Amino acid sequence: MAEFTGRVAFITGAARGQGRSHALEFARQGADIVICDRCADSPAVAYPLATEADLAETVRLVEATGVRCLSAVVDTADRAAVDALVDRATGEFGRIDIAVANAGVSVAAPIQVMPQNMWDEAIASNLTGVFNTVAAVAPGMAERGYGRIITVSSMMGRAANTSMAAYSASKWGVIGLTKSAALDLAKTGVTVNAVAPGNISTPMIHNDFLYHLMRPDLDQPTSADVAPVFTSLHAQPVPWLEPEEVTRVVVFLAAEGSAHMSGIVVPIDAGNAARVTG
Ligand code: NAD
């Protein structure tokens, strides 16, 4: 029997990128899958977010492994919508055992010129969305005496950089939320842990906005042009990592055998963690 046969895993922001990778791996290892994504752009985010076609493609890939997949267009900043999806999933699949609060956006601007809607979007999607996800699944998990919750922070949740006030604040917030929730749930059989990725090769980093921010000296910067800048953010000489490297850690934290690891933050950031305390 595969590791997650009989389990139900809920992954937010799973239309593409890391969320899709997590959903697919849980599916390959036997879990039934619940996924959501907002499937809409934001005026505060300078690159395209996922589409309904992306979400449908994740469903197709998950179902091709032979497990069940429930999907919905849900903005995780909307508590009522997240609660409704968790209720629906619990009705259809019986419960949620694993939740990965992965949905998030990247925004960047110097604090002197950061528009209010950029701050609001980062906090709504990256912090309130994680709260909404954790708060929606925690009561059922605690009642059943079993749960694995994984939140997604960032290396920018443990250190700062220019133009990162909103993003960094939201991701530092995820760590505080994760540790507090781990303590709240410590006697219930539910663990809560965070991953803190470095540069991960998804549309969040491969887009014109970020490329121009990194290479303002070039008219049309390519991935080869920005690679050295991304590399400088890591300690090991690699510009970005594949989503599957994060998935390996998410799956490890979600395993039944990880019962006594809770409240920790696992960096997957090509050695950048060595530069910060904690
Ligand atoms: P991505 O943009 O490919 O995926 C993020 C997904 O979340 C998209 O499909 C998007 O539509 C969705 N989303 C955004 N806001 C949402 C909301 N409010 N409700 C529902 N869905 C929403 O990027 P990714 O790299 O796969 O990002 C996944 C997570 O990893 C994010 O939390 C991100 O902040 C974090 N992260 C990414 C990197 C990186 O370098 N890519 C580094 C550290 C942390």
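Computed from heavy atoms alone, side chains included, the values below leave out hydrogens, waters and symmetry copies. Numbering of ligands and ligand atoms starts at 1, following listing order. Fair warning: this is a prediction, and the values are worked out from it, not measured in the lab.
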Less than 4.5 Å apart, side chain to side chain, heavy atoms only: is that true for Leu177 and Leu127?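 Touching, per the 4.5 Å side-chain cut-off.
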Side-chain heavy atoms of Val34 within contact of Val8, under 4.5 Å: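 With C-beta onward as the side chain, the pair touches.
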Please find out if less than 6.0 Å separates the ring center of Tyr47 from that of Phe209.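 No.
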Between Arg248 and Glu244, is the closest basic N to carboxylate O distance under 4.0 Å?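 The answer is no: the pair does not qualify as a salt bridge.
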For Arg148, is there an ion pair with Glu256 - N to carboxylate O distance below 4.0 angstrom?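 Looking at Glu256 and Arg148, the cut-off is not met.
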Measuring from [atom], which candidate in [options] has the nearest non-hydrogen atom?
{"atom": "atom 8 (C) of ligand 1", "options": "Val74, Val82, Asp37", "result": "Asp37"}
{"atom": "atom 18 (N) of ligand 1", "options": "Asp75, Asn132, Leu210", "result": "Asp75"}
{"atom": "atom 5 (C) of ligand 1", "options": "Pro267, Gly17, Gly104", "result": "Gly104"}

[Y] backbone acceptor or donor facing [X] side chain under 3.5 Å:
{"X": "Ser153", "Y": "Val174", "value": "no"}
{"X": "His206", "Y": "Ser223", "value": "no"}
{"X": "Asn161", "Y": "Met164", "value": "no"}

Asn117, CG: over 12 other non-hydrogen atoms inside 6.0 angstrom: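 Yes, enclosed.
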Please list the nearest protein heavy atom to [atom] with its residue and the distance rounded to 0.1 Å.
{"atom": "atom 40 (O) of ligand 1", "result": "Ile200 N, 2.8 Å"}
{"atom": "atom 16 (C) of ligand 1", "result": "Arg38 CD, 3.2 Å"}
{"atom": "atom 19 (N) of ligand 1", "result": "Thr76 N, 2.9 Å"}
{"atom": "atom 4 (O) of ligand 1", "result": "Arg16 NE, 4.0 Å"}
{"atom": "atom 26 (O) of ligand 1", "result": "Gln18 N, 2.8 Å"}
{"atom": "atom 28 (C) of ligand 1", "result": "Asn102 OD1, 3.1 Å"}
{"atom": "atom 6 (C) of ligand 1", "result": "Gly13 O, 3.6 Å"}
{"atom": "atom 42 (C) of ligand 1", "result": "Gly198 O, 2.8 Å"}

Measure the distances from the heavy atoms of Ser106 to every atom of ligand 1 and state whether one is below 4.0 angstrom.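 Under 4.0 Å: no for Ser106.
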Do any heavy atoms of Tyr167 fall under 4.0 Å from ligand 1?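 The answer is yes, since Tyr167 has a heavy atom less than 4.0 Å from ligand 1.
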Just jot down the ligand 1 atoms closer than 4.0 angstrom to any heavy atom of [X], in number order.
{"X": "Val152", "answer": "29 (C), 30 (O), 32 (O), 35 (C)"}
{"X": "Val105", "answer": "14 (C), 15 (N)"}
{"X": "Leu49", "answer": "11 (O)"}
{"X": "Asn199", "answer": "40 (O)"}
{"X": "Lys171", "answer": "31 (C), 32 (O), 33 (C), 34 (O), 35 (C)"}
{"X": "Ala50", "answer": "9 (O), 11 (O)"}
{"X": "Ile205", "answer": "39 (C), 40 (O), 41 (N)"}
{"X": "Ser153", "answer": "44 (C)"}

Is the Phe230 ring parallel, tilted or perpendicular to the Tyr211 ring (thresholds 30°, 60°)?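 Ring orientation, 0 to 90° scale: perpendicular.
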I need the minimum non-hydrogen distance between Ala166 and Met118, along with the two atoms involved.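 Answer, listing the atom of Ala166 first, then Met118: CB-O, 4.3 Å.
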What is the minimum heavy-atom distance between Ala72 and Leu85, and which atoms define it?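 Shortest heavy-atom separation between Ala72 and Leu85 comes out as CB-CD1, 3.8 Å.
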Thr247 and its side-chain hydrogen bond (donor to acceptor under 3.5 Å, both in side chains) partner, picked from Glu25, His22, Arg20: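 Running side-chain hydrogen bond (donor to acceptor under 3.5 Å, both in side chains) over Glu25, His22, Arg20 with Thr247 returns exactly one hit, His22.
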Between CZ on residue Phe131 and OG1 on residue Thr76, distance to nearest 0.5 Å: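 Those atoms lie 12.5 Å apart.
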Are any of the N/O atoms in Asn126 less than 3.5 Å from those in ligand 1?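 No - when backbone and side-chain N and O of Asn126 are compared with those of ligand 1, no distance drops under 3.5 Å.
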Decide whether an N or O pair under 3.5 Å exists between Glu121 and ligand 1.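 No, Glu121 has no N/O under 3.5 Å of an N/O on ligand 1.
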